[in-house]
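Accompanying notes for the structure given below.
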Amino acid sequence: MKPFPKHLFALSLLGIALLAPRQLAAQEWSAAQKEIWKHVEAYWALDAARDVDGFMGYFHTDYLGWSVEDALPVTKATVRKFVEHQMKATKVLVQNIQPVGIKIHGDVAIVHYYWSRIEKDSEGKEKPISGRWTDILARQGDKWVLIGDHGGRTSKD
């Protein structure tokens, strides 16, 4: 019996990986879930546009988040320092975010999603990156803001 060709195996895995998020995203979202997702899209767009103040306006004063790249959770002040540096060092050329799950518990929402971007660094090199993330949002007036999050890159650096 001939072994299964490695390239066909890799293509099969790629096909499964690409289809899974699309099938999850095909679900119907409630009006409340759609409203929350609009806020997630808004702060991702502000980040891509290098609008530090607009982006940071979506972080609650008591925010505490934990990226898988960080040894410890970080506060809003720490996020701001890194965001300011990142926005100076890179430019987002294109991005996509894809919701996977949104659960609402009163004035708190948990949002799981995949993200991908192509960034250009200060040397002009383009770099594709991707990951998965969980945002914990709290309703603050008519806006949903980050009170916590967790996630990280799934792409290799």
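Values reported hereafter were calculated over all heavy atoms of this structure, with side chains retained and with hydrogens, waters and symmetry mates removed. For the single chain, residues carry numbers from 1 onward in sequence order.
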Please check if any side-chain donor atom of [X] sits under 3.5 Å from a side-chain acceptor atom of [Y], or the reverse.
X      : Y      : result
Glu41  : Trp37  : yes
His112 : Thr134 : yes
Asp149 : Trp133 : yes

Flag the pair [X] / [Y] as yes when at least one side-chain heavy-atom distance between them is below 4.5 Å, and no otherwise.
X      : Y      : result
Ser130 : Tyr114 : no
Glu119 : Lys91  : no
Leu146 : Leu137 : yes
Phe55  : Val83  : yes
Lys76  : His60  : no
Trp144 : Ile36  : yes
Val108 : Ile136 : yes
Ile118 : Lys127 : no

Please determine whether residues [X] and [Y] belong to a single hydrophobic cluster, defined as Ile, Leu, Val, Met, Phe, Trp and Tyr linked transitively by side-chain heavy-atom distances below 4.5 Å.
X      : Y      : value
Phe59  : Val74  : yes
Ile129 : Ile97  : yes
Trp29  : Ile104 : yes
Leu64  : Ile110 : no
Tyr63  : Met87  : yes

Between atom [atom1] of [X] and atom [atom2] of [Y], what is the distance when rounded to the nearest 0.5 Å?
X      : Y      : atom1 : atom2 : result
Glu69  : Phe82  : CD    : CZ    : 11.5 Å
Arg139 : Ile147 : CZ    : CD1   : 12.5 Å
Leu72  : Ser67  : CG    : OG    : 12.0 Å
Gln140 : Thr61  : CD    : OG1   : 6.5 Å

Worked check of side chain to side chain donor-acceptor pair (under 3.5 Å) between Tyr113 and Trp44:
CA-CA 12 Å; Tyr113 57 93; Trp44 272 81; 3.0 Å; yes

If you count every heavy atom of other residues, nucleotides or ligands that lies below 6.0 Å from Trp115 atom CH2, does the total exceed 12?
yes

Residue Lys103 excluded, over 12 heavy atoms near NZ under 6.0 Å
no

Partner residues of Tyr43 under the side chain to side chain donor-acceptor pair (under 3.5 Å) criterion, sequence neighbours left out
Asp135

Option passing side-chain hydrogen bond (donor to acceptor under 3.5 Å, both in side chains) with Arg117 (candidates Asn96, Thr90, Asp47):
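When Asn96, Thr90, Asp47 are each tested with Arg117, the side-chain hydrogen bond (donor to acceptor under 3.5 Å, both in side chains) holds only for Asp47.
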
Closest contact, heavy atoms only, Gln95 versus Ala48:
OE1-CB, 3.7 Å

Ile102 and Gln33: which non-hydrogen atoms are nearest, and at how many Å?
O-NE2, 2.6 Å

Tell me whether Glu84 contacts the main-chain N or O of Lys81 through its side chain, where contact means a donor paired with an acceptor under 3.5 Å.
no

Hey, could you give me each pair passing side chain to side chain donor-acceptor pair (under 3.5 Å) that has a residue in residues 48-57? Not counting sequence neighbours.
Asp53-Arg80

